[in-house]
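Note sheet for the following structure.
In each ligand, atom 1 is the first atom listed, and ligand 1 is the first ligand listed. Excluded from the calculations below are hydrogen atoms, water molecules and symmetry mates; all remaining heavy atoms, backbone and side chain alike, are included.
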Amino acid sequence: MGVAGLGAMGAGIAQLALEAGFDVVGREVTSELGEAARGRIGHFLGRKVEKGQLSAEDRDAALGRLELTTDLAHLARSDVVIEAIVEELDAKLECFAELERIVRPDAVLATNTSALSVTEIAAATSTPERVVGMHFFNPAPLMPLVEIVRAELSSEEAVETAYRLGERMGKTPVRCHDTPGFVVNRILIPLLNDCVRALDEARVTPEEMDTALRHGAGWPMGPCTLVDLVGIDVHVHASEALYEKLREPRMAPPPRLVAMRNAGLLGRKSGRGFYSYD
Ligand code: CAA
């Protein structure tokens with residue numbers, strides 16, 4: 001398997017593939033970023049060993065199946081490539097056009113995009129039938145769902161390959177069509193936006209909002225903690241993408257989140273968002 005982009009999502013996807021027994025070639029733009037992803041995967045697999053969920057041999061074998069590269073051409077032997085690079089359409093179009101030249105003609109090309117159109121991404125290739133969406137949730141190793149997104153021209157075979165791959169990676173796949181936000185983000189993004197707007201309306205703190213949703217609606221983590229985990233920039237970008245397509249006011253990012261994004265308060269990854277992190 002090839003994984004293009006080893007940020008939070010790509011590293012999580014690579015970890016799942018390694019644990020499922022695949023040989024993985026992971027590509028990042030610099031070797032430092034690649035090594036950071038290897039360190040992250042090693043850390044989480046190490047925790048599993050400490051907790052008795054994985055043997056030290058299996059961890060070592062899994063890490064041994066990971067090859068890092070900065071050159072997309074090294075993904076040439078892949079049967080499937082999952083792309084998890086930056087959420088920008090132009091970057092993804094360029095990546096898919098390049099992947100098409102590199103991998104064999106029947107390899108499946110999947111994008112982990114959360115809010116862009118898989119159909120538009122597939123249009124960068126001359127073989128859109130082999131392009132699908134495989135949308136994992138953050139944190140990918142822990143969240144059971146993967147949305148298997150059928151783009152306008154995806155073949156039945158590519159969709160089924162992605163579905164079975166999702167199952168092999170230990171996930172619960174759900175097939176859906178290529179509509180803005182697919183299933184979960186179509187609902188979750190406006191919901192999180194409402195939570196942020198209600199902070200000011202109800203005059204509650206992020207802690208109080210989180211407590212309310214955890215104890216009143218059974219959420220595993222409160223909305224402010226969740227937006228910090230997803231990344232304020234990622235959430236704002238996804239909101240903007242959905243608003244652009246659906247024109248529903250609730251999809252638009254609340255000004256408070258846009259200001260946080262502009263100030264560099266990106267959540268957990270920047271050390272500060274609604275909360276501060278060490
Ligand atoms: N990768 C791999 N392993 C990880 C990890 C990660 N990112 N984060 C944690 N772990 C491991 C750790 O080893 C941890 O154990 P230790 O603390 O002992 O090291 C273990 O998983 C369990 O972690 P937690 O104790 O934190 O687990 P939890 O029971 O509290 O559950 C959770 C954590 C699954 C994240 C839960 O809080 C949850 O379901 N939260 C909601 C998350 C959610 O809604 N995600 C969707 C975001 S939206 C999205 O992703 C869509 C999009 O396109 C933007």
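- Less than 4.0 angstrom separates atom 53 (O) of ligand 1 from at least one non-hydrogen atom of the protein.
- Atoms of ligand 1 lying under 4.0 Å from at least one heavy atom of Met221, given by number and element, are 35 (C), 37 (O), 40 (N), 41 (C).
- Ligand 1 is never approached by Lys48 to a heavy-atom distance shorter than 4.0 Å.
- Nearest protein heavy-atom neighbour of atom 50 (O) of ligand 1: Asn138 N, 2.8 Å.
- Counting protein heavy atoms under 4.0 angstrom from atom 39 (O) of ligand 1 gives one or more.
- Proximity annotation for atom 20 (C) of ligand 1: of Arg47, Arg268, Lys51, Lys51 comes nearest, heavy atoms only.
- Of the polar atoms of Gln15, none of the N or O atoms is found under 3.5 Å from an N or O of ligand 1, judged by distance alone.
- For atom 44 (O) of ligand 1, a protein heavy-atom neighbour is found at a distance under 4.0 Å.
- At the top of the distance list for atom 9 (C) of ligand 1, counting protein heavy atoms only, stands Leu142 CD1, 3.6 Å.
- Every residue meeting the side chain to side chain contact (heavy atoms under 4.5 Å, CB included) condition with Arg104, not counting sequence neighbours, appears here in chain and number order: Asp79, Asp106, Ala107.
- Of all protein heavy atoms, the one lying nearest to atom 48 (S) of ligand 1 is Leu188 CD2, 3.6 Å.
- Near Arg40, the atoms of ligand 1 lying under 4.0 angstrom from a non-hydrogen atom of the residue are 7 (N).
- Atoms of ligand 1 found under 4.0 Å from any heavy atom of Val230, numbered from 1 in the order shown, are 47 (C), 48 (S), 54 (C).
- Under the salt bridge (Lys or Arg N to Asp or Glu O under 4.0 Å) criterion, Lys48 pairs with Glu19, not counting sequence neighbours.
- Remark: minimum distance from atom 10 (N) of ligand 1 to any protein heavy atom is reached at Phe44 CE2, 3.5 Å.
- Under the 3.5 Å distance criterion, with hydrogens and angles disregarded, a donor-acceptor pair is assigned to the side chains of Tyr275 and Asp210.
- The distance from atom CG of Leu199 to atom CZ of Arg197, rounded to the nearest 0.5 Å, is 11.5 Å.
- Counting non-hydrogen atoms of neighbouring residues, nucleotides and ligands closer than 6.0 angstrom, the CD atom of Glu208 exceeds 12 such neighbours.
- The nearest protein heavy atom to atom 30 (O) of ligand 1 is not closer than 4.0 Å.
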